[in-house]
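Before any comments, here is the structure.
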2 protein chains.
Amino acid sequence: MDRRIELRHLRYFLALTEELHFGRAAHRLHIAQPALSQQIRQLETIVGVELFRRTSRSVRLTQAGAAFQPRARSLLDTLAADLDEAGRVGRGEAGRLDVAFITSATTIVGEHLREFSRRRPEVQVKLHDGFTTDVLTALERGTADVGIVRDAEQRDDIDLSLLASERFVAVVPTDHPAAEGDRVEARALAADPLILFPRSAGPKAFDTNTQPLRNAGIDVQVTQECSHWHTIVTFVAAGLGVTIAPYSVTAPLPPGARRLELDGPPTVSQIFMATRRGDDRPLVQAFTAASTAGGPARPLAPSRRPV
Amino acid sequence: MDRRIELRHLRYFLALTEELHFGRAAHRLHIAQPALSQQIRQLETIVGVELFRRTSRSVRLTQAGAAFQPRARSLLDTLAADLDEAGRVGRGEAGRLDVAFITSATTIVGEHLREFSRRRPEVQVKLHDGFTTDVLTALERGTADVGIVRDAEQRDDIDLSLLASERFVAVVPTDHPAAEGDRVEARALAADPLILFPRSAGPKAFDTNTQPLRNAGIDVQVTQECSHWHTIVTFVAAGLGVTIAPYSVTAPLPPGARRLELDGPPTVSQIFMATRRGDDRPLVQAFTAASTAGGPARPLAPSRRPV
DNA sequence: TCGATCCATAGGAGCAGCTTATTGATGGGC
DNA sequence: GCCCATCAATAAGCTGCTCCTATGGATCGA
């Protein structure tokens with residue numbers, strides 16, 4: 001007789017605490033009265049104490065029963081909420097998403113995030129900024145669920161989906177000869193020292209970034225290597241050289257630097273969302289899908305499950 | 001197929017989250033592997049999401065499963081604690097006890113309470129002080145579980161058990177002729193105005209309290225009626241008259257009043273614990289029993305129930 | 001004293017959950 | 001490259017628990 005407690009016991013117990021009448025409580029539970037008597041008795045042997053004091057004329061809660069009632073009630077409520085929550089997580093409506101992104105994409109990530117949060121207000125997004133290598137490492141190791149990188153190369157284990165494109169622009173010191181106009185031809189920068197991130201930080205990104213110069217027949221030589229765009233444009237403003245940068249990292253510019261549109265065949269920088277290949281988790285799917293237009297993603301009336 | 005969730009599902013789910021292997025988890029649960037597969041599948045249809053991603057080589061938690069695990073764990077732990085608590089309440093080892101007592105018994109109630117709290121540290125005692133009528137009313141109405149009264153008369157619906165006895169003493173102003181000694185004969189107070197509570201506040205208590213005077217052949221006439229002993233002895237100290245009081249309410253006395261032992265046949269005031277007749281709740285029994293000597297009331301190793 | 005009410009008990013039936021046996025898929029070893 | 005080991009899913013039958021109906025027994029009002 002070492003039966004274990006089941007939720008049935010709690011459900012029956014609570015019905016009886018409310019009705020204080022075996023017949024009515026049983027009716028409400030859609031069972032016959034003897035079944036309820038049995039189960040309540042069983043619960044009492046499990047707990048080891050009398051929960052109801054009954055005569056043939058009345059049913060009253062004992063102190064132990066009175067103490068147990070709110071706890072049982074709360075337990076069932078909690079469980080219902082937990083099931084609901086698990087369901088939402090499973091459908092990608094709630095949960096936590098780790099997003100790793102390169103610092104130079106902060107503006108675009110922010111825009112995307114605002115849209116995603118509107119669609120999935122219950123999802124907690126954890127952000128991690130870093131260099132391209134950090135982002136990819138986080139993705140590989142599972143530290144991040146989604147990575148956001150710029151001009152990445154294709155890989156077997158990673159899916160890329162385009163998040164945004166933006167043109168490259170030139171950034172020159174305000175005392176540069178070309179700084180008086182709004183536009184510049186790449187070849188006009190041939191003699192200037194070039195400030196840029198090291199190629200090792202992202203070969204494909206580096207090559208894309210310098211494409212306008214190579215299109216103009218310039219032999220690309222980086223005079224000053226910096227890791228952060230913020231540092232690069234600051235150095236430009238200080239008159240140490242010029243750079244070619246994706247538009248979004250040049251707004252705003254520090255005083256002393258000036259942005260110029262590039263003449264010639266347009267080259268774009270592409271920002272990708274990167275996910276592990278085969279990662280079909282709903283939240284990941286929802287995040288990458290948030291850039292595409294679409295209706296509200298969550299059902300209007302979340303179904304409440306009986307417990 | 002609208003089966004309801006049961007604790008069995010949670011127990012099986014948790015075992016599987018820990019083992020991440022159907023065979024081992026089933027073994028630990030003392031069931032066969034297919035039974036576990038069935039129940040997990042059933043749980044998943046109830047929740048509406050996949051909780052484990054399984055291949056024939058591996059079993060992994062999904063995000064929904066990972067989100068549900070700590071909640072399920074906590075639910076079972078909570079339930080175990082709740083059952084434990086209900087058991088303790090049922091055995092009178094925990095819970096709440098409402099004790100109504102007369103103000104003049106404060107000292108004795110305090111002593112009794114200290115002993116009771118030592119024995120039942122988990123019981124929360126709620127105290128209500130008032131006059132004898134308040135105490136009895138609270139007991140009748142169920143507002144109080146135990147009442148503590150002084151020199152009460154027997155009643156059909158209330159059980160009395162003696163808590164303490166104490167002698168009566170006289171209290172006189174320090175300028176009273178008898179105040180020079182330590183003792184006094186009751187008849188020496190015959191001419192003094194008597195300060196006491198009204199007889200209507202408790203006829204039996206009043207009669208007991210005035211017994212020493214009546215033994216001395218004095219016709220008892222209360223000159224000044226007060227409800228609280230504190231007020232009575234203050235009036236005595238102010239020289240308005242004398243009184244006869246149970247010892248405990250005369251310690252300490254305000255300046256200006258002096259306590260004298262009474263000569264003659266001793267009369268005692270009895271303090272009773274009053275309970276509703278037939279109230280066999282363990283806490284009530286334990287409280288009334290706390291005055292009698294006895295070992296520790298709670299088992300040394302409370303049994304932990306499996307859930 | 002009789003009847004009504006209501007909880008407990010008794011005995012039987014149906015089904016949920018368990019069992020063993022087997023299938024099917026995956027991955028490692030020779 | 002084939003075979004075997006591993007492991008979860010499926011199939012089919014059995015067991016035991018929960019529920020049922022019928023009845024007993026206690027209490028209260030008329």
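Letters go in sequence order (proteins before strands), and every chain restarts at 1.
- At least one side-chain nitrogen or oxygen of Arg3(B) sits closer than 4.0 Å to the OP1 or OP2 atom of dG17(C).
- Aromatic ring orientation, Phe52(B) versus Phe13(B): tilted (interplanar angle from 30° to 60°).
- Following rounding to the nearest Å, Ile40(B) (CD1) and dC18(C) (P) show an atom-to-atom distance of 11 Å.
- Across all strands, Gln39(A) comes closer than 4.0 Å only to sugar-phosphate atoms, never to a base (heavy-atom distances).
- Distance Arg53(A) CZ to dT27(D) P: 14 Å, rounded to the nearest Å.
- Counting non-hydrogen atoms under 4.0 angstrom, Phe52(A) reaches nothing in the nucleic acid.
- Across dC20(D), dA8(D), dC18(C), the shortest atom-to-atom separation from the side chain of Arg8(B) is found for dC18(C).
- The side chain of Gln38(B) has dC18(C) as its nearest neighbour among dA16(C), dC18(C), dG11(C).
- Using a 4.0 Å cut-off between charged nitrogen and carboxylate oxygen, Glu6(A) and Arg8(A) do not count as a salt-bridge pair.
- Interatomic distance, CZ of Arg73(A) versus CG of Leu10(A), reported as 10.0 Å (0.5 Å rounding).
- Taking atom CD1 of residue Ile31(B) and atom C1' of nucleotide dA16(C), one finds them 14 Å apart after rounding to whole Å.
- Using a 4.0 Å heavy-atom distance criterion, Arg54(A) is classed as a sugar-phosphate-only contact.
- Remark: Ser37(B) is in phosphate contact with dA9(D), judged by side-chain N or O atoms under 4.0 Å from OP1 or OP2.
- Set against dT18(D), dC20(D), dA9(D), the side chain of Phe22(B) has dA9(D) as its closest nucleotide.
- The CZ-P distance, from Arg41(A) to dC17(D), rounds to 18 Å in whole Å.
- dT19(C) atom P lies 11 Å from atom NE2 of His30(B), rounded to whole Å.
- Checking dC18(C), dC17(D), dC6(C) against the side-chain heavy atoms of Tyr12(B) singles out dC18(C) as nearest.
- In this structure, Arg4(B) atom CZ and dC19(D) atom P are separated by 12 Å, rounded to whole Å.
- Remark on DNA chain D: of its neighbouring residues Glu6(A) and Thr55(A), the 5'-side contact belongs to Glu6(A), judged by nearest-heavy-atom nucleotide.
- Nucleotide dA9(D) holds its C1' atom 14 Å from the CG atom of Leu16(B), rounded to whole Å.
- With respect to the salt-bridge test (charged N to carboxylate O, under 4.0 angstrom), the residues Glu44(B) and Arg41(B) do not qualify.
- Between Leu36(B) atom CG and dA8(D) atom P the separation is 9 Å, expressed in whole Å.
- With respect to Arg277(B) and Asp157(B), no salt bridge is recorded, no charged nitrogen being found less than 4.0 Å from a carboxylate O.
- Counting non-hydrogen atoms under 4.0 angstrom, His9(B) reaches nothing in the nucleic acid.
- Between Arg57(A) and Gln33(A), it is Arg57(A) whose nearest contact on DNA chain C lies nearer the 5' terminus.
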